[in-house]
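Have a look at the structure below before the remarks.
This one's a predicted model, so the numbers in the text were calculated from it and none came from an experiment. By convention in this document, chain letters (A, B, ...) are assigned in the order of the sequence lines, proteins followed by strands, and residues within each chain are numbered from 1.
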Amino acid sequence: MSTEISKTYEPKEVEPKQYEFWRNRDYFTAKVDPAKQPFSLTIPPPNVTGELHMGHALQHTIHDLIVRRKRMQGFNVMCLPGTDHAGIATQMKVDQALRAQGLDRRDMGREKFLGHAREWTLKYGGTILRQLQALGCSYDWSRTRFTLDEFVEEGPQTADWALGKLYTRSGYARAVLTAFVKFYEKGWIYRGERIVNWCPQCQTVVSDLEVEHRELQSNLWHFRYPGADGGEGVVVATTRPETMLGDTGVAVAPSDTRYTDLVGKKVVLPLMEREIPVVADHHVDASFGTGAVKVTPAHDPNDWDIAQRHPELMPPIQVIGDTGAITEAAGAYAGLSRQEARKKVVADLDARGLLVKIEPHTHAVGHHDKCGTVIEPLLKLQWFAACRDLADQALAAIRAGRVDYTPERFRQMEIDWLEGIRDWCVSRQLWWGHRIPLWYCLQCDSGVSRLSKGALQVGSDVKPIPSVEKPDTCPHCGGSEMEQDPDVLDTWFSSALWPHATLGWPEATDDLGYFYPTDLMITGRDILYLWVARMIMTGEEFLDKEPYRQVLVHATVMTEEGQRMSKSLGTGVDPLELIRLYGADATRFGLASLVTDSQDIRFKMRWKSGGIKATGPDDELARAEQIEQMRNFCTKLWNVSRFVLMNLGDSQGSGAGGQGSGAGDQGPGVRGQGPGAILGDQRLGLLLREWNPGTQNSELGTSEPQPPAPNPQHPTSGPQLELADRWILSRFAAASAAVNDALDRYSLGEASWVLYHFLWDEFADWYVELAKPRLRSEDPTLVREVIVAVLEAFLRLAHPFLPFITEEIWQALPGTDPKSALIVQPYPGALAELRDEEAEARMDAMIEVTRAIRNLKAELGVPLQTVDVSVMGDGHLETAYVEQMAKARISRERPEGQAAHTVAAGMEVAVAVAGLVDVSAEQARIRKELDGVAKDLKGVESKLSNEQFLSRAPADIIEKQRRIQQELLEKRAKLEERLQLFAG
RNA sequence: GGGCGGUUAGCUCAGUGGUAGAGCACCUGUCUUACACACAGGCUGUCGGGGGUUCAAGUCCCUCACCGCCCACCA
């Protein structure tokens, strides 16, 4: 009864099964345990209404990979998931849904809208969390948080969004309001009139960071503003003709002699027929345009600044309203859209002969990053947060190295941004969000008034009462008519508190004490300022501690052509499609293999229609090469495991022996009588000991096993490891060390390739092949033990990358504890004791000779035939291995008759096949080989003949060159000798 | 205007001073009892241009070009 696993690996069956298995056993949940060292992190909460895209798939592959390794290393791992209410994005979607039903949020009012929004969020939200589970993410779902949970009453309200636990009140909203009140009390919140970024579509202010500048081809229009005194006046240049309706002046550079006479005089603003002053201001660059700038304080931040310096340019005249339409202040132009007004202004000025010229000009136009609408800079009264002090605290944390960045370069970027930080407009004219916890007394606060429709008008001179809860009465006058500020907070204000608010802040919870600061923040570079910097600011402010010690910035996933991925352009892929096509393990491993510290990842894919873009919504993903490669790897792993399991004999399997007890009597099975019992050699015991359930996770934070105690029963008895065994153990140790080293540096790609090549190129291609005859021999005990030990150790090493398939195979291994799981087995360490340089050198030579023979056989056209081969020279040769692997009969004597020759591992290799050796072809082949040798030799000898090299290069390098030279010379001599032979 | 990243085989990319690598693609064989999602073999490169440092440069420095990203109030 051999252990059997199914003939092909079926991700669709295995993945849900194993995921449930892990969850049911609670491997993901973390509890405060002072005896254990925590490793904690919070995920960047995706939008609650979001869906998984490739960026998420990459980000969470990285998350879960790190999390799983840390868990196996014995840390008390806490990875906290959750979602962001995403004010604007969600409100947009709900608006859309309402419109589809013929409803309008403005008609229904705030409360009713929020009801719809909650309902909609409950229905459509949280999909992305389920998608993360499909990817295999082992997060603590019991801790799932939502940045806007104030609407949530007790108990689960739906069956499965975020596993039914999201809807219990987590207190996040309270934390947000508390933070705002604390800021306010520190004097960091102020009401200011500024030019802000207004989205006419979303009808709200957005922050500078949410404005996306796009270079657009436009014009620079030159207009003449005639002098008020009848003179020529001045020609101004502008990219926004429509704003001229609100001009209150013209500015020129103080040093610009062309305009010296004009300064202090007035010009006539055409169309509006208004006299406006010309002022000199240092902001103006005399070399740009005409050197004269029209000043529109209500619609341009620079102009606003200029007007602050020149009172005669005040007050501003607002000619563009909240919807982007021209206001009554622009007289005849009122009601036109921005675009219409631009056309009409230009046409009207042209008609009056005042359009001097139109120059093509490209410039950056701000667009709202959520909806793509052109941002309108408008003068607005808003709540701002002063950021200087907060930023300085964050800077101190980064400069002191309490927060590190990987890759390094992002550290300086963050510092630069924090140094130049500007105050943050935190109020938003939305309904979906945390309503600003400022309360106004309608009885005594003259700064507020009610508009006709009942809406609250909040002026600049208000006396708000900051309070998380609604105050019963006004502390000033005792009045009871209190109204809350109508605006909500910027979504990023709430997410800025994520690491501590999710752990219970402002309460001093055990979670906070134990898991905070967290260890890692894994994120994309697009939110380095928007979010990452701000979390450091709030963490430092409220907890006096950095929120995380390490920021890991991952690449952006792009298309093969380097474009941004986008569903609407047909260049986006749903990662679930990849999982469906190739399985979650392949998807993860493929993505992990692409992780370097580069900026972008180019993702290769082909659609059914043949192209790299989908032709429409019906087009299906046909192929994603980078993932497919790893699907093939999974198949390889599955098959090699199947082979191993099929060859472990009849005595093990699911028998009772050895399971849990650690020492059994199950016969000559794999587990024998405890770790390394069969062997006098302790090396294998190292791996086996790691595998012993009794030792699992015994050491905190390290998986480095101690050498096993000598087994008194079998001190030196039993079969000895043979070369191939020593080699594969050594190679495994090398791989394990390399994987750990790479992961410590977050070089996931590097680690992936080490795993890939070890399993495929070394274990499967050589060790397993060499093991075949031994497994069929009379006493296969030893080779069975080695092969399964290496496989088992590999499964542990690879588990964070390939959680599902490794768990599935591991559980099928004989001797594994059915009460346990791979997910909590100890992670292999560097295993230096297993390294065996001599074995590696001997195997390298064996492999080189084998390849040389295979090569000659292929060229002779007899790749499958067993042939007679002469290997000449003093070098040691693993004859039996070579005979098996190359299908050859080896003799160490000179061949009789003609043969094809080459040189490998310092030995002459000749394949003799009667009648097959074409003399001229063989001569040509040898000449070609000689050419190669000559080329290499030339390089080496130019170095060795260089005295500078000999005197300056380190001895070992020179020695190596000499050795290479020697080998090449010998190779040349042997080849030339063969050539002579053919010639003669 | 500043900053950052990239430019290596037909394609996508590894490779942080010591005789240039992987996967795919391509060519030749093979259904060898784990695997054709495989096995064996083969082909493929002025490492963007120029200069410098060094005994030695794909790798370090300078410079130029092109591609991409971020930041920035040139109307």
What does the B/S/- profile of nucleotides 27-37 of chain B look like, 5' to 3', with a 4.0 Å heavy-atom cutoff to protein? --SS---BB-B
Which nucleotides of nucleotides 69-75 of chain B have their base under 4.0 Å from a protein heavy atom (B), which only their sugar-phosphate (S), and which neither (-), written as one string 5' to 3'? SSSSBBB
Please figure out whether A:Phe603 or A:Arg851 has its closest RNA chain B nucleotide nearer the 5' end. A:Phe603
Tell me which of A:Thr596 and A:Arg854 sits closer to the 5' end of RNA chain B, going by the nucleotide each one is nearest to.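 Between the two, 5'-proximity favours A:Thr596.
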Whole angstroms only, please: what is the [atom1]-[atom2] distance between [X] and [N]?
X: A:Glu929; N: B:G42; atom1: CD; atom2: P; answer: 11 Å
X: A:Asp597; N: B:C4; atom1: CG; atom2: P; answer: 15 Å
X: A:Ile847; N: B:G41; atom1: CD1; atom2: P; answer: 11 Å
X: A:Arg602; N: B:U12; atom1: CZ; atom2: P; answer: 6 Å
X: A:Leu594; N: B:A14; atom1: CG; atom2: C1'; answer: 11 Å
X: A:Gln412; N: B:G2; atom1: CD; atom2: C1'; answer: 13 Å
X: A:Arg411; N: B:C4; atom1: CZ; atom2: P; answer: 15 Å
X: A:Ile853; N: B:G41; atom1: CD1; atom2: P; answer: 12 Å

Over 60° means perpendicular and under 30° means parallel, so classify the ring planes of [Y] and [X], tilted if in between.
X: A:Trp638; Y: A:Tyr9; answer: tilted
X: A:Phe633; Y: A:Tyr756; answer: parallel
X: A:Tyr529; Y: A:Trp417; answer: parallel

Using atom [atom1] in both nucleotides, what's the gap between [N] and [M] to the nearest angstrom?
N: B:C61; M: B:C24; atom1: P; answer: 35 Å
N: B:C74; M: B:A57; atom1: P; answer: 44 Å
N: B:G5; M: B:G10; atom1: C1'; answer: 25 Å
N: B:G17; M: B:U59; atom1: C1'; answer: 6 Å
N: B:U7; M: B:A75; atom1: P; answer: 33 Å
N: B:G41; M: B:G49; atom1: C1'; answer: 38 Å
N: B:C60; M: B:C43; atom1: P; answer: 31 Å
N: B:C31; M: B:A36; atom1: C1'; answer: 7 Å

Kindly say if A:Ser598 contacts the phosphate of B:G6, meaning a side-chain N or O under 4.0 Å from OP1 or OP2. no
Would you indicate, yes or no, if B:G42 has its OP1 or OP2 atom less than 4.0 angstrom from a side-chain nitrogen or oxygen of A:Asn855? yes
Heavy atoms only, 4.0 Å cut-off, all strands: where does A:Arg623 land among base, sugar-phosphate and nothing? sugar-phosphate
How is A:Gln626 classified with respect to the nucleic acid when contacts are heavy atoms under 4.0 Å: base, sugar-phosphate, or nothing? sugar-phosphate
Can you find a side-chain donor-acceptor pair between A:Lys294 and A:Thr243 that sits under 3.5 Å?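 Yes, A:Thr243 and A:Lys294 have a side-chain donor paired with an acceptor closer than 3.5 Å.
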Please check if any side-chain donor atom of A:Glu628 sits under 3.5 Å from a side-chain acceptor atom of A:Asn632, or the reverse.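 No, A:Asn632 and A:Glu628 have no side-chain donor paired with an acceptor closer than 3.5 Å.
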Residue list, ring pair (Phe, Tyr, Trp, His ring centres under 6.0 Å) with A:Tyr405, at least two apart or on another chain: none
Residue list, side chain to side chain donor-acceptor pair (under 3.5 Å) with A:Lys380, at least two apart or on another chain: A:Asp322
Between N or O atoms, less than 3.5 Å apart, protein on one side and nucleotides 16-23 of chain B on the other: list the pairs.
{"unit_1": "B:G23", "atom_1": "O4'", "unit_2": "A:Gln629", "atom_2": "NE2", "d": "3.1"}
{"unit_1": "B:G23", "atom_1": "O2'", "unit_2": "A:Gln629", "atom_2": "OE1", "d": "3.1"}
{"unit_1": "B:G23", "atom_1": "N2", "unit_2": "A:Glu625", "atom_2": "OE2", "d": "3.2"}

Going by an N to O cut-off under 4.0 Å, is there a salt bridge joining [X] and [Y]?
X: A:Glu922; Y: A:Arg925; result: yes
X: A:Asp600; Y: A:Arg525; result: yes
X: A:Arg606; Y: A:Glu560; result: yes

When you look at [atom1] of [X], are more than 12 heavy atoms from neighbouring residues, nucleotides or ligands closer to it than 6.0 Å?
X: A:Lys772; atom1: NZ; result: yes
X: A:Glu947; atom1: CD; result: no
X: A:Arg745; atom1: CZ; result: yes

For Watson-Crick and G-U wobble pairs within 3.5 Å on both distances, what is RNA chain B written in dot-bracket notation, | included for inter-strand pairing? ((((((((.[[[[.)..(..]]]].(((((.......))))).....[[[[[..)....]]]]])))))))....
Distance-only, no hydrogens or angles: does the A:His299 side chain make a donor-acceptor pair with backbone N or O of A:Ile320 under 3.5 Å? yes
Under 3.5 Å donor-acceptor, A:Gln629 side chain and A:Gly590 backbone: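 It does not hold such a pair.
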Quick one: CH2 on A:Trp766 to CD on A:Glu769, what's the gap to the nearest 0.5 Å? 9.5 Å
